[in-house]
There are 2 protein chains.
Amino acid sequence: MAANRRPTLADVAREVGVSAKTVSRVLNEDGPASARTREQVLAAVAKLGFQPNLMARNIRVGGPDSSIGLVIPDLGNPFFGAVAGGIEDTVRDRGLTLVMGSSADDPDRERALTDKFLARRISILLVVPSVGADHSHLKAHRAAGLPVVFVDRPGAGLATDSVVSSNRAGAQDGVAHLIAHGHRRIGFVGDLPTRLYTRRERLAGYRAALQEAGLPQDRSLITNAHDQHGASAATSQLLGLEDPPTALFAGNNIVALGIVTELARSRRKDVAVVAFDDVALAEALEPALTVVAQNPEGIGRTAAATALARLDGDRSRGRTVTVPTRLIVRGSGERPAPVPQRV
Amino acid sequence: MAANRRPTLADVAREVGVSAKTVSRVLNEDGPASARTREQVLAAVAKLGFQPNLMARNIRVGGPDSSIGLVIPDLGNPFFGAVAGGIEDTVRDRGLTLVMGSSADDPDRERALTDKFLARRISILLVVPSVGADHSHLKAHRAAGLPVVFVDRPGAGLATDSVVSSNRAGAQDGVAHLIAHGHRRIGFVGDLPTRLYTRRERLAGYRAALQEAGLPQDRSLITNAHDQHGASAATSQLLGLEDPPTALFAGNNIVALGIVTELARSRRKDVAVVAFDDVALAEALEPALTVVAQNPEGIGRTAAATALARLDGDRSRGRTVTVPTRLIVRGSGERPAPVPQRV
DNA sequence: GTGAAAGCGCTAACAT
DNA sequence: ATGTTAGCGCTTTCAC
């Protein structure tokens, strides 16, 4: 009943009557081996169901493990799922295995994960850094040749590569679209915590658009939400203001869900919306949801490619690569603004 | 510059002036150690930035690696993302690291991934099996104590645990809901390939509902799609039939996106829809989308818990756990069916 | 073309 | 409370 030891190189060697090294040679197509030996070895491998122990191999070879570590905030968020997909697509040919974990945007969990990954001797580390996380402990690893790339947000305490969306410009485009359709009071519902990089950048884009149009900055129009439910609450709060906004800008995909759901619930068809990050079914809404689409697969691919280049010896200075966003006009940004009431 | 060797136990030992074993003892809280020694060791560890090599440790200890392998079809599909999240939540306390890969539902890629995972000596293997994949090669590992659990679909060639949704009953509920609202011609848009377990089960549920109601089975009402775009095409094809359906049943979340998008595009508000698996923004559609909700986190948690129980010595027979689905009525199933035309 | 010995970084088992 | 030896499964080095 079970628990028999897994076969080792030595077992295979014994079965065939050769040395362990010979088996190793055959399997790794290292040195020469007679056709007959090869055949016998392969047969024994199949018979015993031998699978080389990668850990033992790596120990001896000394190099890093053939794995790539990825820390994301939330496995269930389709944005990060798509990022992970882009990463996997890019590293698959190199034979790298994806080792993942979610931090829930908690610096301690992020640290625990990265430490685990480092103990595993991953050959690349990709991190969506949590707010408040410090990465100076990675300096030595980075210096020792471990590629470290920050994804979606820049990291703190470590000079290395980052890959981010064009958050500010994208948000500015989106808000400008609303302004172009006559809106003068535009609510902003952002991520939490407010220190979050993406929240700050997108808010900056929002402000830039208002300023460009000569519109006043009204702090009461700026709210935040941690999840979909919170975004719904923020929406109804904004719409309950004495002088409510006629349009809303969603700071991310989750917030967009909350806003759109709340507008549908309260049957507010008169409120224009533009969301940062595309969401499923955006086209099927009435009106269809106008978004500033990110390119999550592109972010993942770029981050992975950057890291692979480092692995291949690229010693240039750390850079920040910006993956462009794209305004997709679908209708929700064009709900007519009410004619301003001159007093 | 760079590429300096990572510090080892021996380096730390040398720094302090003790033996490697002593350092090991301190770090693993194994045998005793004087307070002074412990302090010095910890200081040296911090100073050198030492991180134990987990691979080397595992080699020596001999047990499996503290990782859990997961193969899913697609990292970008929120359903599987949520499943992965449930798994991670469940194994986190046990200190297991998630090693993931996507198979694209290709048996060869699935096999390549599982082989890699096995070479890594993962301590648990969770697989969403691809159509056509055979898993008899896992028998020896299973027998040797490796927990193997199939997720979302049963596997072939290996008697072990599976965790699936109540596909048949759920689909039957969903279709019965449509029938209850007067629909007699209900289109089915399922997954591809048609041999896919979930596709077959959900179709069986669909058929059972028709039969129960004494409705005819019309093969022309059964279509399939591989992706969202294909589902849109299938939708317009169904609606273009001479005697078109008045309601549609979506076989999964991706198909649902395609159906709903196509109905919105063609402004067909008169077609009722029920989808298997919930989707974001379902509530915000007009009418809101009625779904047979799955519980992906629950599936992930159940699969992980089952595997952990095996790891803890559960030697009972392999079982199939069914995670219940739940009909969430939101409106789209209640669009009135046209009054039947008596000839 | 093949094998023997040494060693990767760590810990189990037995010292002391 | 600490050190020594041996060995995990594999590959490197050097020998034949």
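Computation of the quantities below employed the complete heavy-atom set of this structure, encompassing side-chain atoms and omitting hydrogens, waters and symmetry-equivalent molecules.
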Enquirer: To the nearest Å, how far apart are Lys21(A) NZ and dA6(C) C1'?
Expert: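 After rounding, the reported distance stands at 13 Å.
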
Enquirer: Between atom CG in Asn53(B) and atom C1' in dG7(C), what is the gap in whole Å?
Expert: 14 Å

Enquirer: How many whole angstroms separate atom CG of Asp30(A) from atom P of dG1(C)?
Expert: 13 Å

Enquirer: With a 3.5 Å cut-off and no angle check, do the side chains of Ser67(A) and Asp65(A) form a donor-acceptor pair?
Expert: yes

Enquirer: Locate the shortest heavy-atom distance separating Ala304(B) from Val91(B); write the atom from each residue and the value.
Expert: CB-CG1, 4.0 Å

Enquirer: Got a salt bridge between Asp108(B) and Arg111(B), using NZ or NE/NH1/NH2 to carboxylate O under 4.0 Å?
Expert: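 Looking at Asp108(B) and Arg111(B), the cut-off is not met.
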
Enquirer: May I ask you to verify if any side-chain N or O of Ser19(A) is less than 4.0 angstrom from the OP1 or OP2 atom of dT2(C)?
Expert: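 So the side chain of Ser19(A) is outside the cut-off, no N or O lying under 4.0 Å from OP1 or OP2 of dT2(C).
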
Enquirer: Within the 3.5 Å criterion, strictly below it, is a donor on Thr90(A) or Arg301(A) matched to an acceptor on the partner's side chain?
Expert: no

Enquirer: For Ser34(A), answer base if it contacts any base atom (sugar-phosphate contacts may also be present), sugar-phosphate if it contacts only those atoms, and nothing otherwise; contact means non-hydrogen atoms under 4.0 Å.
Expert: sugar-phosphate

Enquirer: Select from Thr37(A) and Arg121(A) the residue whose nearest nucleotide in DNA chain C is closer to the 5' end of that strand.
Expert: Thr37(A)

Enquirer: In whole angstrom, give the distance that lies between atom CZ of Arg25(B) and atom C1' of dC14(C).
Expert: 11 Å

Enquirer: Does the distance from a Lys or Arg side-chain N to an Asp or Glu carboxylate O, for Arg120(A) and Asp115(A), drop under 4.0 Å?
Expert: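 Between Asp115(A) and Arg120(A) there is no salt bridge, as every charged N stays at least 4.0 Å from the carboxylate O atoms.
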
Enquirer: Do Ser103(B) and Arg109(B) get their side chains close enough for a donor-acceptor pair, meaning under 3.5 Å?
Expert: no

Enquirer: Can you give me the first and the last nucleotide of DNA chain D (5' to 3') that has an atom within less than 4.0 angstrom of a non-hydrogen atom in chain A?
Expert: dG9(D) to dT12(D)

Enquirer: Go through the structure and list residues passing side chain to side chain donor-acceptor pair (under 3.5 Å) with Asp161(A), not counting sequence neighbours.
Expert: Arg310(A)

Enquirer: Report the distance from atom CD of Glu29(B) to atom P of dT11(C), rounded to the nearest whole Å.
Expert: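 The answer, rounded to whole Å, is 13 Å.
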
Enquirer: Base, sugar-phosphate, or nothing for Asn28(A), non-hydrogen atoms under 4.0 angstrom?
Expert: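 Sugar-phosphate: the residue Asn28(A), judged by heavy atoms under 4.0 Å, touches backbone atoms but no base.
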
Enquirer: What is the distance from CD of Gln40(A) to C1' of dG1(C), rounded to the nearest Å?
Expert: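 Atom CD in Gln40(A) sits about 14 Å away from atom C1' in dG1(C).
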
Enquirer: Please give, in whole Å, the distance from dG9(C) P to Arg14(B) CZ?
Expert: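 To the nearest whole Å, that distance equals 10 Å.
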
Enquirer: Rounded to whole angstrom units, what separation is found between the CZ atom of Arg60(A) and the P atom of dG7(C)?
Expert: 9 Å

Enquirer: Which angle, rounded to 10°, do you find between the first-five-pair axis and the last-five-pair axis of the helix from dG1(C)-dC16(D) to dT16(C)-dA1(D)?
Expert: 40°

Enquirer: If you assign Val61(B) and Arg38(B) each to the DNA chain D nucleotide with the nearest heavy atom, which residue ends up on the more 5' nucleotide?
Expert: Arg38(B)

Enquirer: Can Arg92(B) and Glu88(B) be counted as an ion pair, charged N to O under 4.0 angstrom?
Expert: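 Result for this pair is yes, salt bridge flagged.
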
Enquirer: Looking only at side chains, do His137(A) and Gln51(B) share a donor and an acceptor under 3.5 Å apart?
Expert: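 Side chains of His137(A) and Gln51(B): no pair found under 3.5 Å.
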
Enquirer: Let me spell it out: for each of Gly31(B) and Ile59(B), pick the nucleotide of DNA chain D with the closest heavy atom. Which residue's pick is nearer the 5' end?
Expert: Gly31(B)

